[in-house]
Amino acid sequence: MAQISRKTAAGSHEAASEEIPFFDEPVFGEPASPLSPTAQRASLAQQALAASTQRLSPAAAAVLSGLNPQQCEAVETVDGPVLVLAGAGTGKTRVLTRRIAYILNTGRAPSYRILAVTFTNKAAHEMKQRVEALIEEQGQTIAPRNDGLPWLGTFHAIGVKILRRHAELVGLKPGFTILDFDDQLRLLKQVIEAAGLDSKRWPARQLAALIDRWKNEGLTPEKIPAGEAYGFAAGKGAELYAAYQNRLKELNAVDFGDLLLECLRLFQENPDVLAEYQRRFQYILVDEYQDTNVVQYLWLRLLGQKTDGTRPNICCVGDDDQSIYGWRGAKVDNILRFEMDFPGAKVIRLEQNYRSTGHILGAASGLIAHNRERLGKTLFTEDEDGEKVVVAGVWDDAEEARLIGEDIEALQRQGHALNDIAILVRASFQMRAFEDRFMTLGLSYRVIGGPRFYERLEIKDAIAYFDVLLNPDNDLRFERIINTPKRGLGETTVKLLHEYARRQNLSLFRAAQELCQTEELRPKTRRALAGLLAQFEHWRGLLEELPHTELAELVLDESGYTAMWQKDKSPTATSRLENLKELVRFMGDFDSLAGFLQHVALVMDAETADHGDSVNLMTLHSAKGLEFQTVFLPGWEEGLFPHQRTLEDNGQAGLEEERRLAYVGLTRARRRAKISFAQNRQVHGRWQASIPSRFIDELPWEHAAPATGESGFQGAGASAATVTWQTRSSNRRQSSKQHKNSPQIIEATAIDITENPGSDYRLGERVFHIKFGYGKIIAIDANKLTIDFEKAGRKRVMASFIERH
DNA sequence: GCGGTTGGAATTTTT
DNA sequence: TTCCAACCGC
């Protein structure tokens, strides 16, 4: 089948996307443009045909096989808005994947007209695979090419895809870079300092969090409400936010928040573009709807609107009881409000749990029933009651780790796989005790949700090299690697480059090129810098010559980067080299360096090599969506879980979110769950007596039981514990208000940036150079001057470094 | 530019 | 208490 060259849907903005492949059309069997009238007619005809046969269609029947009535309904109700309230373990992913398969199999829409959004890459991958498997099972393939469901992805990935296509409309170029958190911090720090503020008093981190929050709320700088910005730098927050956005535009870069916010702005400001996507997406599916924040919500609403007055075919799947990301902007309200947002919406509840035993489900349900803000579901299971949830009190975290270690060894002896066991903690510092213990026991474990592959130093460095190779003007990335490995281009040099770049309005790389033409730099520095620049030119020349993976290896070798780690004697060095190899291997999945770099910020998932059978150690948050035969839930103590800070910051709402977290934890377990609390815990190095979590009191005791045996169990469920925490919490109420809002001091030092004096110098003029002192101009070459210095002799320098006296 | 020292902060996390 | 970042002295 011929590869038709892609001139996709016609539109005024098309110029922006010339060089970006946009593979979402069929290669054959459909007209060239999915949006042409012909296509629409064809699609309608297809639908009509499908409608007449769907009940009988064997393909559709196969998609429904093995589903319970509610699941079937959730799969089949494809027209109009649908909210699927899917309790834990009720087959949420199953419904989503089947629904997609159903839409495809009944011919209601081709794959490129289905928008399916998830939060994580992992969820997106899984869904894609499962849909493909479903379709292939029936001897069909989704699309002729392998990018079967082009619009299935994370909010961010889909946002990027749309943004790249219309970049110019939001003031970007299509090849924009996506900054990671580090880049973001570095940039913010520069912005803070450029505004004459002390970046120590006003840390970039804090501003990053603030801006992130605003972006999640869908607020562009001009929309920040007046009072909002007070928290940072005495009201300069919004100003700094605006400055930061300007810098991003200058760098042709976006941060993660922008991927959605800018996309939203694009839609709001360009109704024609919005209309194109509204038409394009005939079916919209949203996973984990309870986790959507304001931007995502607004974005979905815009896309879901129908211009022709029909109801959108939008299906949101979620569970209000599993909403645990309120602190990062998720709005449970979105799910609670669905029926108002989409009038006539059908609400389908999935309540049959296929995961846990009766007791586990009973304990979890009893606990979550204490929450007031919920839509309410009654989960049930046909499974046996099983063992009650065990609650154990221990002396301290070491004992907790010891007992859990013993339990695990016992399970192991009984033939249970370590892979089927998980320890879910509230905060990551709790992991340490377990790691220590397991290390001594020689028990194999893995930590899930640690530092991600693409966040590792060596990966970021390598990517920075590749970025600069393709785009020399990427200042942030250039700065990252200019002295990595060490080549004598330290802070002083970078500062000089910065200063010059700013005055001349050049990128760092260009500034470096110009400065190398002169004697501004020490010969040693100059040689090093010129050498680096020459290397980049050399590599750039090979872009067309070598396959991109080979070029990548060459860059890492010739730059001395590989050698740097080979010389390094620290124990991490070997694994870093491994990671670099892995990176190059991963790169092979893309057909060019540019293609790789455009996706890398979003797609690089931590695919750490598996060490075989190991206990899983992770936080409760990262356990969402997973399940294990046996789950240990340590640290159920007041102050830790529910966490003190959550209660202080968010009161009742915070408490309910913590309770949902407890619910998530319990419902991860299939057969066995064991909760524990320590009476003494070290907090910031100090021992503190702690009391059992109120969640323990709230457990329905027909489904839970104190641990038996020698484990020192005491206090669980006792009313004394309840009294204690009530007393404590009323004390807390009085003392909690004060500690915020430390005195705000306005930093008034402004940086005086001297204007570029230009190069209107005269021969023979006496001038002053900051390093070489006084001298007389003897030659002028554009902005470079040759000067006879009184002390330093004859030098070639940049005009902008000269002062007149 | 490196290595030692000192001060401040220490939930949860994706993209 | 411990870890990390920034700073200072060589």
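Residue numbers start from 1 in every chain, and the chains themselves are labelled A, B, ... in the order their sequence lines are given, proteins ahead of strands.
Distance CG (A/L424) to P (B/dT13): 12 Å, rounded to an integer number of Å. Put simply, CZ on A/R205 is 12 Å from C1' on B/dA10, counting in whole angstrom units. One interatomic measurement links the two molecules: CZ of A/F429 to P of B/dA9, which rounds to 19 Å at whole-angstrom precision. Between A/R660 atom CZ and B/dT12 atom C1' there is a gap of 13 Å when expressed in whole angstrom units. The nearest whole Å value for the distance from the CD atom in A/Q184 to the P atom in B/dT14 is 15 Å. One atom, CZ of A/R426, and another, P of B/dT13, lie 9 Å apart when rounded to the nearest Å. Note: CZ (A/R164) to P (B/dT15) measures 17 Å, nearest angstrom. In this structure, A/R645 places its CZ atom 10 Å from C1' of B/dA9, rounding to the nearest Å.
Judged by closest nucleotide on DNA chain B, A/E658 is the one of A/E658 and A/F119 placed further toward the 5' end. Two residues, A/F181 and A/L661, neighbour DNA chain B, and the one matched to the more 5' nucleotide by heavy-atom proximity is A/L661.
Between A/M618 and A/R446 the shortest side-chain heavy-atom distance does not fall below 4.5 Å. Counting heavy atoms from C-beta outward, A/I162 and A/W299 have side chains that approach closer than 4.5 Å.
Candidate nucleotides C/dA6, B/dT12, B/dT13 were compared by shortest atom distance to the side chain of A/A427, and B/dT12 ranks first.
Residue A/N121 places none of its side-chain N or O atoms closer than 4.0 Å to OP1 or OP2 of B/dT14. Between A/S428 and the phosphate of B/dT12, there is a side-chain N or O to OP1/OP2 separation shorter than 4.0 Å. Put simply, A/T619 has a side-chain N or O that comes within less than 4.0 Å of OP1 or OP2 on B/dT13. At least one side-chain nitrogen or oxygen of A/R432 sits closer than 4.0 Å to the OP1 or OP2 atom of C/dC3.
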Please list each protein N or O that sits under 3.5 Å from an N or O in nucleotides 1-7 of chain B, with the distance.
residue, atom, partner, partner atom, Å
B/dG1, OP1, A/G490, N, 2.9
B/dC2, OP2, A/K486, NZ, 3.3

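Using a 3.5 Å distance cut-off with no hydrogens or angles, the side chains of A/N216 and A/R328 do not pair a donor with an acceptor. Under 3.5 Å, the side chains of A/D255 and A/Y244 contain a donor-acceptor pair of N or O atoms. With 3.5 Å as the limit, one finds no donor-acceptor pair spanning the side chains of A/E656 and A/H370. Inspection of the A/Q245 and A/K215 side chains reveals an N or O donor paired with an N or O acceptor under 3.5 Å. For the residue pair A/Y445/A/E435, the side-chain donor-acceptor check at 3.5 Å is satisfied.
For A/R686 against C/dT1, no side-chain N or O and base N or O form a donor-acceptor pair under 3.5 Å.
Under the ring pair (Phe, Tyr, Trp, His ring centres under 6.0 Å) criterion, A/F628 pairs with no residue, sequence neighbours left out.
Taking the P atom of each, B/dT13 and C/dT2 are spaced 23 Å apart, rounded to whole Å. Atom P of B/dT12 sits at a distance of 16 Å from the matching atom of C/dA5, rounded to the whole Å.
Both geometric conditions, a ring-centre gap below 5.5 Å and a plane tilt below 30°, are fulfilled for A/W327 over the base of B/dT12. Residue side chain A/H684 meets the stacking definition with respect to B/dA10: its ring centre sits within less than 5.5 angstrom of the base's six-membered ring centre, and the planes differ by less than 30 degrees.
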